[in-house]
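Each remark here refers to the structure printed beneath this line.
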Amino acid sequence: RASAKSSKSSQKHFHIDLPGDAEEEEDVPSEKQQSSQKQEKKGGIFGKKKAPAEEPKSRLASAEVPVPEDISEEEEELEDYSSPKDKEAILRDMKSIKTGLLIRVVLMVVLFSLSLYLALAARDIQIGDELLPLPTFIQPELHLRTYMVVSCILSAIGAVICSNTIGGGLLALLKFRANTDTLPMLALLGTLAQGICFIIKPEYFSVDKADFGSNLYLFILLFNLLGKILVILRIQNNFKLVSSEKLKHAAVFLKDRNLLRDISKGLSMEEYTIAYPETSPFLANFLDNSYSEDHAERMSRVLAPICLLAGIVLAVLAYLFNKNIAEAVSTFTAIMCVSAPLTSTIAANLPLYQMSKKLIPAGAMVSGYSAVDAFSRTEAVILDAKDLFRPSDIILHGIKPFDQSKIDSVILDAASVVCNTDGMLTDVFNKIIGSNKAMLRPVENVTYEDAMGLSAWVDGKRVLIGNRELMVNHGIEVPSNDYEMRFVKDRKNIIYLSNSGQLSAMFVISYRPNNQTREQLDRMNEKGMSLIINTSDPNITAEKIHAVYDFPLDQIKLMPAKFHAAYEELTAQKEHSPAKIGFIGSTRMMVTAILDCMTAKTAIDQAVLIQMIALVVGYALVTLFSLMGNLSYLSILHLILFQGIFALIGTLIPNLKKY
């Protein structure tokens, strides 16, 4: 029988490069971009119905337009998740997509197994003492044309099963916007070229010119589908949080130039990408962000036309060197097959899926590659002090009254002020009053004085709560430093309480670290990120945070009091926020998601780099053997092994680091 052939630096001048001025689409894509992305991603990847090019509407914008009741659900195209009423339709859509992908995977496994069996049987592979059996009518040594027709039919069936991939890849190439489906489509082109060549001219077929294109091509399609399953599994996972009825938060970049300039003074930054949490009941453009173009797709846009041209050039050279048309056609097929990496759809989607599996149970999600790409460049985050110190981390060691007769009244005044601000000490004073907020008094004109404390009016009395400097600044007589030193051992802090111009009490408080925050800050430090703290607690200083968590002092900045109102307005609840990074609960989950974006971005970049290395090595091997007239040395098993090894390397190595 015939044998089968196989084939961060500091800047001298202050400059702000706002994350979003030049690329505003990172948060809320324009209508044109939304339409384009949905057509290419939803349509190209999973075969969804494309939105008409002449009506590029965003679902968010069109959500208010009433839909006639006589329009059926099948006729109404859901472009994105625009309101809670779309939840069931989106869930059905995703379930349908996943079911279709799983069916295609099963069919492709069967097809690939049949194709591989044909190739191995043609090379006289034995099981024990017996050759792999083949029906007489397709034995290549007896009915070569029939054998090649069957092989081409298997390839054609694979193209039909994965018509979305083949058709989408072809259209993308014709539009000069190649994607990860284009390279498998080119592998089909090479496979059919080889098959048709041997069908028309069976005499070109020989033991060292056996068909191997169909095997690799079907293998490539199988992995292409596996990557797409990762996409839909990730989106289903993330949709659990996005469609939740709980109040959600989104990570967004600070764009207010004045606020950005002032709160970043003294911090070393290059792009001035500062993230902060925004509250919203609805995360917009979820599907648009979920299907966003990844790094592997961007590389495919360049590689696909280059690989096609390189395959043609090498095929011509192979013919000129060997004067053998079969060698030239097989060379083209081999180039097209080794140019389509098995991990083209897995490279970006495996890290994104792993990140989703870790974040969703914890209450956070990263929608897609656009979010990873944007937030992996985050240089600082804005947090409240209570994000660093939980209520259980703040310990009240004792209260020293200076006027015992009025202590109950003045403590109630202090509790009224502190609870009004919902600050760091709120839980401490809640415990003092037994969580009976009904007894709190009306508070007016609450003011935070930078690094000193709070001043307010309660029932016509001036109440001061803060450190020694606050009291001195308002002319309140305080104990000597020697007296204070008796209470501040072991990193304890003192909070003074003054009422109506008289010192009333002294609270001894300490702040202890917690392991979760320590680990998070250590990761931030590794990434060179800075910390901007919003607080009204006079004891929370850069020095205190450095002492408790050993976070670099030069990477900590306290937000000046004059910006508290502006920041409060920024973080106030919005009607909707961008669905890039979403979370429920503590802002610390935002930081975890941002750090995971950095890990995922590194993994994706490494995976794409390994793909590039595989492509270059594969091209070099095919070139070497082809021009020497020894292409037969690259059997189907060799090429499958080559693709498999690089797929394993490209999958394991980038994803070794846990999220």
Side-chain angles (χ1 to χ4, degrees), residues 249 251 254 263-264 266-267 274-279 362-364 378-397 418-419 421-431 448 450-454 465-467 490-495 507 509-561 563-564 567-568 570-571 581 583-596 598:
H249 312 275
L254 185 62
I263 69 172
S264 62
L267 297 176
I274 301 177
Y276 70 93
E278 183 176 271
T279 303
T378 304
E379 295 175 295
V381 292
I382 304 177
L383 298 177
D384 289 335
K386 58 186 177 183
D387 294 319
L388 301 183
F389 299 98
R390 302 169 302 186
S392 59
D393 299 328
I394 305 172
I395 311 300
L396 175 63
H397 296 279
V418 171
C419 293
T421 63
D422 191 27
M424 289 280 293
L425 301 177
T426 299
D427 192 69
V428 172
F429 279 89
N430 264 333
K431 291 177 181 178
Y448 171 66
D450 277 334
M452 292 189 290
L454 297 166
I465 306 168
N467 57 23
D490 300 323
R491 295 183 177 177
K492 293 184 177 70
N493 295 92
I494 288 178
I495 294 288
F507 299 85
I509 295 174
S510 67
Y511 303 80
R512 64 184 183 187
N514 65 78
N515 291 332
Q516 287 182 332
T517 302
R518 186 189 296 279
E519 291 173 3
Q520 194 172 72
L521 292 179
D522 286 345
R523 289 183 65 191
M524 287 182 61
N525 185 26
E526 289 176 7
K527 302 296 184 181
M529 294 175 64
S530 296
L531 193 59
I532 300 173
I533 299 299
N534 174 45
T535 184
S536 58
D537 188 325
N539 291 323
I540 301 301
T541 61
E543 290 75 16
K544 169 62 71 175
I545 297 171
H546 170 69
V548 174
Y549 287 110
D550 197 30
F551 193 78
L553 194 59
D554 59 352
Q555 292 172 218
I556 305 172
K557 177 74 179 289
L558 262 61
M559 185 184 297
F563 296 116
H564 283 188
Y567 180 69
E568 194 172 319
L570 280 176
T571 56
I581 289 181
F583 61 98
I584 296 172
S586 172
T587 307
R588 286 183 295 184
M589 285 312 304
M590 176 189 78
V591 179
T592 298
I594 290 174
L595 290 168
D596 286 352
M598 297 177 179

Listed by chain and number, what are the side chain to side chain contact (heavy atoms under 4.5 Å, CB included) partners of [X], not counting sequence neighbours?
X      : answer
Pro391 : Asp427
Leu553 : Ala542, Glu543, His546
Ala451 : none
Asp384 : Lys386, Asp387, Asn534, Tyr567

Who passes side chain to side chain donor-acceptor pair (under 3.5 Å) against [X], sequence neighbours left out?
X      : value
Thr378 : none
Thr426 : none
Gln520 : Thr592
Arg390 : Asp393

**Asked** Which heavy-atom pair separates Pro538 from Met452 by the least distance, and what is that distance?
**Response**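 So the minimum-distance heavy-atom pair works out to CB-O, 2.9 Å.
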**Request:** Looking only at non-hydrogen atoms, find the nearest pair between Ser392 and Arg512 and report the distance.
**Result:**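 Closest approach of Ser392 to Arg512: O-NH2, 3.0 Å.
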**Asked** Does the pair Asn493 and Lys544 meet the rule for a side chain to side chain contact (heavy atoms under 4.5 Å, CB included), with working shown?
**Response** CA-CA 10 Å; Asn493 295 92; Lys544 169 62 71 175; 2.7 Å; yes
**Message:** Please report the interatomic distance NZ(Lys431) to CG(Leu396), rounded to the nearest 0.5 Å.
**Reply:**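 Spacing of NZ (Lys431) from CG (Leu396) equals 9.0 Å.
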**Asked** Distance only, no hydrogens: is a donor on one side chain within 3.5 Å (strictly under) of an acceptor on the other, for Thr587 and His249?
**Response**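 No pair is found: no donor N or O on one side chain lies under 3.5 Å from an acceptor on the other.
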I'd like to check [X] versus [Y] (side-chain heavy atoms, cut-off strictly below 4.5 Å). Are they in contact?
X      : Y      : value
Ile540 : Ile545 : yes
Ile274 : Val381 : no
Ser510 : His397 : yes

**Message:** Restricting to ring pair (Phe, Tyr, Trp, His ring centres under 6.0 Å), what partner residues turn up for Tyr276, sequence neighbours left out?
**Reply:**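 Testing Tyr276 for ring pair (Phe, Tyr, Trp, His ring centres under 6.0 Å), a comparison that skips the adjacent residues, returns none.
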**Asked** Who pairs with Phe389 by ring pair (Phe, Tyr, Trp, His ring centres under 6.0 Å), at least two apart in sequence or on another chain?
**Response**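 Result, ring pair (Phe, Tyr, Trp, His ring centres under 6.0 Å) vs Phe389: Tyr511, Tyr549.
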**Message:** Please evaluate residues Met529 and Met598 with respect to the criterion side chain to side chain contact (heavy atoms under 4.5 Å, CB included), reporting the C-alpha separation (whole Å), side-chain torsions for both, the decisive distance (0.1 Å), and the verdict.
**Reply:** CA-CA 11 Å; Met529 294 175 64; Met598 297 177 179; 3.4 Å; yes
**Message:** Walk me through whether Val418 and Val428 qualify under side chain to side chain contact (heavy atoms under 4.5 Å, CB included).
**Reply:** CA-CA 9 Å; Val418 171; Val428 172; over 6 Å; no
